Colleague: 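Before we start, here is the structure in question, set down as structure tokens.
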There are 2 protein chains.
Amino acid sequence: MDKKSQKMVYDKQAEILKALAHPIRIAILDFLKDGEQCVCDIAEFAGSERSNVSKHLSVLVSCGVLEFRKEGLKVIYSLKARCIMDFFKCITTCVKQQAKDSENLLKVL
Amino acid sequence: MDKKSQKMVYDKQAEILKALAHPIRIAILDFLKDGEQCVCDIAEFAGSERSNVSKHLSVLVSCGVLEFRKEGLKVIYSLKARCIMDFFKCITTCVKQQAKDSENLLKVL
DNA sequence: TTACTATATGAGTAGATAATCATATAGTTA
DNA sequence: TAACTATATGATTATCTACTCATATAGTAA
């Protein structure tokens, strides 16, 4: 791959990671992994204002991770990119590894 | 898991994702996947100033993804959290999926 | 129609982030 | 020792981000 295409790939990867890199957005994905939900339930789960959650949702939609459908007054969001969940398995492994490292550090102190 | 611990997990996951969510930092990880490298070579690969790259490196070190050793004047960085690379396989899948979606969209337009 | 509900959006603000440039540190070599 | 090299750090600035609150939209129900 040439330098320029490589840079485009890095940019695209960074874009997706950036869209995921927020505790509320991670909570949303975790909540949606078992099925679709409306904004009000998502907001309650995430523990944040609806208007704020609505903005986080639109970030996830525009990076292609979520999709939505309308049902009367409600807007129902669901996971579009299932691969994202594998992704979270990976990051959980990393978090666990870090926790283990800290634990080992504590032992020798 | 209780609400409070759950929030801590989301925060920790977001912290790691945030540390990864930058094109230069992704380039660094990609460059280091095949072995350790000094700052000057990393900077050249990433196409950015050494001082800037140095800061990006310290972000990756403090989130536990990289480690380093000193060798004379040089500082040699290497991957610490190997699991990160699985992680990138996952995100590459997502990027490909998105590209495929765009392609399909183009066809019907 | 009006009142109500769910969601989205815009303005404003505070705080975080990244890049650049200058400077500091610390190891090397003459 | 002084000069040089690799890296790190601090100050500054510009840009981005997230949150809050107010307002807009659009579907529902009386």
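For clarity, every value in this text was computed on a predicted model and none was experimentally measured. Chain letters run A, B, ... following the sequence lines, proteins first, then strands; residues in each count from 1.
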Colleague: So, taking the atom named CD1 in Ile24(B) and the one named CD in Glu49(B), what distance separates them when rounded to the nearest 0.5 Å?
Modeller: 10.0 Å
Colleague: At a heavy-atom distance below 4.0 Å, which nucleotide of DNA chain D is the first touched by chain B, and which is the last?
Modeller: dT5(D) to dA11(D)
Colleague: For Glu103(A), which residues count as a salt bridge (Lys or Arg N to Asp or Glu O under 4.0 Å) partner, sequence neighbours excluded?
Modeller: none
Colleague: I need the residues from residues 17-39 of chain A with at least one non-hydrogen atom less than 4.0 Å from DNA chain C; give them sorted by number, or say none.
Modeller: Cys38(A), Val39(A)
Colleague: Can you name the residues that form a side chain to side chain donor-acceptor pair (under 3.5 Å) with Gln37(B), not counting sequence neighbours?
Modeller: none
Colleague: I need the residues from residues 64-74 of chain A with at least one non-hydrogen atom less than 4.0 Å from DNA chain C; give them sorted by number, or say none.
Modeller: Leu73(A), Lys74(A)
Colleague: For DNA chain C, which residues of residues 48-60 of chain A approach it to below 4.0 angstrom with any heavy atom?
Modeller: Arg50(A), Ser51(A), Ser54(A), Lys55(A)
Colleague: Are more than 12 heavy atoms, taken from residues, nucleotides or ligands other than Met85(B), located less than 6.0 Å from that residue's CE atom?
Modeller: yes
Colleague: Atom CD1 of Ile42(B) and atom CG of Leu57(B): how far apart are they, to the nearest 0.5 Å?
Modeller: 5.0 Å
Colleague: I need the Leu17(B) CG to Ile16(A) CD1 distance, nearest 0.5 Å.
Modeller: 12.0 Å
Colleague: How long is the gap from CG on Asp30(A) to CZ on Arg25(A), to the nearest 0.5 Å?
Modeller: 15.5 Å
Colleague: Bend across the helix from dT1(C)-dA30(D) to dA30(C)-dT1(D), to 10°, with axes taken over 5 pairs at each end?
Modeller: 10°
Colleague: Any idea which heavy atoms bring Ala27(B) and Phe45(B) closest together, and the distance?
Modeller: O-CE2, 3.4 Å
Colleague: Heavy atoms only: give me the nearest Ala81(B)-Gly64(B) pair and the separation to one decimal.
Modeller: CB-O, 3.9 Å
Colleague: Under the side-chain contact (heavy atoms from CB on, under 4.5 Å) test, which residues partner Glu44(B), sequence neighbours left out?
Modeller: none
Colleague: With sequence neighbours left out, write down each residue that passes side-chain contact (heavy atoms from CB on, under 4.5 Å) with Cys90(A), or none if nothing qualifies.
Modeller: Asp86(B), Phe87(B), Cys90(B)
Colleague: List in chain and number order the residues that pass salt bridge (Lys or Arg N to Asp or Glu O under 4.0 Å) with Lys96(B), two or more places apart in sequence or in another chain; answer none if no residue qualifies.
Modeller: none
Colleague: Hey, could you give me each pair passing side-chain hydrogen bond (donor to acceptor under 3.5 Å, both in side chains) that has a residue in residues 62-71 of chain B? Not counting sequence neighbours.
Modeller: Glu36(B)-Arg69(B), Arg69(B)-Glu71(B)
Colleague: Looking only at non-hydrogen atoms, find the nearest pair between Ile28(B) and His56(B) and report the distance.
Modeller: CD1-CB, 4.0 Å
Colleague: Can you name the residues that form a side chain to side chain donor-acceptor pair (under 3.5 Å) with Lys12(B), not counting sequence neighbours?
Modeller: Gln98(A), Glu15(B)
